[in-house]
**Student:** 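There's a structure below that I have some questions on.
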2 protein chains.
Amino acid sequence: MGDSKAPASQTDCIFCKVFGRTEWSGMSAADMAKLNEAKVCRQFDRGEAIFYEGDECRGVYCIKSGLVGIRKIDGEGNSVLLGRLGYPGTTLGYRPLLAGECHRGTAEALEDSQVCFIAAGLVRWLLERNPDLGLRFLHHAAKDLGNAEEDFFQNAAHPLRLRLAHLLLVLKDHYGENFDDGTVMVELPVTRQDLASMMGARPESISRVIKELDQDGLATFSGRQVHIQRIDDLLWELDPAGEA
Amino acid sequence: MGDSKAPASQTDCIFCKVFGRTEWSGMSAADMAKLNEAKVCRQFDRGEAIFYEGDECRGVYCIKSGLVGIRKIDGEGNSVLLGRLGYPGTTLGYRPLLAGECHRGTAEALEDSQVCFIAAGLVRWLLERNPDLGLRFLHHAAKDLGNAEEDFFQNAAHPLRLRLAHLLLVLKDHYGENFDDGTVMVELPVTRQDLASMMGARPESISRVIKELDQDGLATFSGRQVHIQRIDDLLWELDPAGEA
DNA sequence: GTCGCGCCATGATCCAGATCAAGTTGAGTT
DNA sequence: AACTCAACTTGATCTGGATCATGGCGCGAC
């Protein structure tokens, strides 16, 4: 007790707003007690690192609030933000733990975030006693893997404009504020540079595409504020036929 | 007994040459017996489909011999071969099963292959009674996920020539025949078109890059035979610095 | 045989997006 | 306010790879 950093409220997980959405819900009371006792919550300021690329994986991180991204440094020294963002309810770091690897990227709080740490030993202990827990992580991993493969070849197949439109629509689901007139306001959680790196493009190209969308009247960009004027047209571009 | 198709020898898994490399090894004798009894092995000829994109996922497929690839049809009707190939010992189809999805791609035997089918119900039953089995699949999924993310941004970062060099070196590990003079002969398991689709490129571009490598004396291509003359130089291109 | 039909090679041209090079804006600091 | 530094915009230019078009070649079917 008595940390220099203000500790996040170390509430019982059962009271955590996002608990139901995590893989951890559904364990026995005894195991829950163990988890509650051992977990360590803490507040991270925007820009602060939670763990570093190359670090040994000491456990997993359950995101209570805020937003966390994973960064890698590519061969040329550029910082690249991976597509898979950590929203509240997401447990980060399970991949390297289970694959027996070091962290492949640096986790950084993209907004002020509250994060609970669960040590590797405890995770393994819980996994052994709760086959369901493993299955839920397996389900999660299977989903992630599907998305990663999907992204891989969507990326190759579609031009930048479409990929940006797609990303906007995804972010809208998490950060969108719907207006009465059918338009939507989205607050981008990342800089344009990060936006670019997430889509495998350069910032200049993003700027140009943004200008295009702006001129076409599809959306208005101002700093990190995006006002989507014509969602239907954006959807149309992604899938002219009308999916499914 | 008495199928129109020649059934693969329905040997006990314990005698299967690749059994030790699969996720299935390490279960109790009783569970093994159950698996042996219920599995269905069969021979697939080159080009034959094992399951189809969009099919409900009825179980998983353990590859005993041969080679299996996953194809998707992209928006423009082109066939795209995914990077993740199924070598002997690989269990295919676990991803959609665990994610509760339909098959996202068509599995096709790239060579004559023997494949054992294990029904979904049995898989779930075994997973519940064998936490370790789940953990091994989790480990596998975690590895696959790591590779998928790695590929994603390697693809964006490197030009075609490097990506082809990399793929060649991977295939070498599975299909290479080392000669005394240090050169290697690789028999490509796929057509140039598939090669192209795996790397998100067009066949014409592959042809041109191949000609380049040929002229530079790095490798000689003749049909599906590739004679790698200077592996060290190929490695050098991938990582001029000298990894690690 | 030769007909057809994928697969592959090669040339000519085009284009999305990268790269290079200045500016501009904007938030934070002293 | 003036200074700084990073994020952004905009323009000019270059280029890897796509696209379009054509011809050769290997192979199975008849």
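Labels below follow one simple rule: chain letters A, B, ... track the order of the sequence lines, proteins then strands, and each chain is numbered from 1.
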**Student:** How are the rings of B:His227 and B:Phe179 set relative to one another: parallel (under 30°), tilted (30 to 60°) or perpendicular (over 60°)?
**Tutor:**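 Correct class here is perpendicular.
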
**Student:** Measure the distance from CZ on B:Arg46 to P on D:dG28 and round it to the nearest whole Å.
**Tutor:**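 Checked: the CZ to P distance equals 11 Å.
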
**Student:** Which residues, if any, of residues 203-215 of chain B bring a heavy atom under 4.0 Å of DNA chain D?
**Tutor:**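 Result for residues 203-215 of chain B: B:Glu204, B:Ser205, B:Arg208, sorted by number.
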
**Student:** Going 5' to 3' through nucleotides 25-30 of chain C, assign each nucleotide B (protein heavy atom under 4.0 Å from a base atom), S (under 4.0 Å only from sugar-phosphate atoms) or - (no protein heavy atom that close).
**Tutor:** ------

**Student:** Answer with yes or no whether the side chains of B:Thr220 and B:Gln229 bring together a donor and an acceptor at under 3.5 Å.
**Tutor:**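 Yes - a donor-acceptor pair under 3.5 Å links their side chains.
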
**Student:** Figure out the CG/C1' separation between A:Leu195 and D:dT9, and round it to whole Å.
**Tutor:**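 That distance rounds to 15 Å.
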
**Student:** Is the closest side-chain heavy-atom distance between B:Arg84 and A:Glu149 below 4.5 Å?
**Tutor:**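 In short, these two side chains touch, coming nearer than 4.5 Å.
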
**Student:** CD of A:Gln225 versus P of D:dC8: gap in Å, rounded?
**Tutor:**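 It works out to 14 Å between those atoms.
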
**Student:** Does B:Phe44 have B:Arg42 sitting over its ring (NZ/CZ under 6.0 Å from centre, angle to axis within 45°)?
**Tutor:**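 Geometry flag: set, cation within 6.0 Å and 45°.
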
**Student:** Could you label the plane-to-plane angle of the B:Tyr87 and B:His174 rings as parallel, tilted or perpendicular, counting under 30° as parallel and over 60° as perpendicular?
**Tutor:**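 Plane angle under 30°, so parallel.
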
**Student:** So, A:Arg58 and A:Glu56, do they make that salt bridge, N to O below 4.0 Å?
**Tutor:**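 Yes, charged N to carboxylate O under 4.0 Å.
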
**Student:** Roughly how many Å is it from CZ in A:Arg202 to P in D:dT15, rounded to a whole number?
**Tutor:**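 Between P of D:dT15 and CZ of A:Arg202: 16 Å.
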
**Student:** Rounded off to whole Å, could you give me the CG-to-P distance for the B:Asn78 and D:dA18 pair?
**Tutor:**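 Roughly 12 Å, once rounded to whole Å.
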
**Student:** When the distance from CG of A:Leu164 to C1' of C:dA16 is rounded to whole Å, what number comes out?
**Tutor:**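 Computing the A:Leu164:CG to C:dA16:C1' distance gives 15 Å.
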
**Student:** Is any side-chain heavy atom of A:Phe51 closer than 4.5 Å to one of A:Ile70?
**Tutor:**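 Counting from C-beta outward, A:Ile70 and A:Phe51 do come under 4.5 Å.
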
**Student:** Rounded to the nearest angstrom, tell me the gap between atom CG in A:Leu188 and atom C1' in D:dC8.
**Tutor:**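 Those two atoms, CG and C1', are 13 Å apart.
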
**Student:** By side chain to side chain contact (heavy atoms under 4.5 Å, CB included), which residues pair with B:Lys172, not counting sequence neighbours?
**Tutor:**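 Testing B:Lys172 for side chain to side chain contact (heavy atoms under 4.5 Å, CB included), a comparison that skips the adjacent residues, returns B:Leu169, B:Val184, B:Val186, B:Ile231.
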
**Student:** If we count only N and O atoms by modelled type, under 3.5 Å, do the side chains of B:Thr106 and B:Arg71 hold a donor and an acceptor together?
**Tutor:**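 Absent: no donor and acceptor within the cut-off.
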
**Student:** Just N and O in the side chain of A:Arg192: are any of them under 4.0 Å from OP1 or OP2 of D:dT9?
**Tutor:**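 Looking at the OP1 and OP2 atoms of D:dT9, one of them is under 4.0 Å from a side-chain N or O of A:Arg192.
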
**Student:** May I have the distance from A:Arg224 (atom CZ) to D:dC8 (atom P), rounded to whole angstrom?
**Tutor:**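 So the CZ-P distance, A:Arg224 to D:dC8, works out to 7 Å.
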
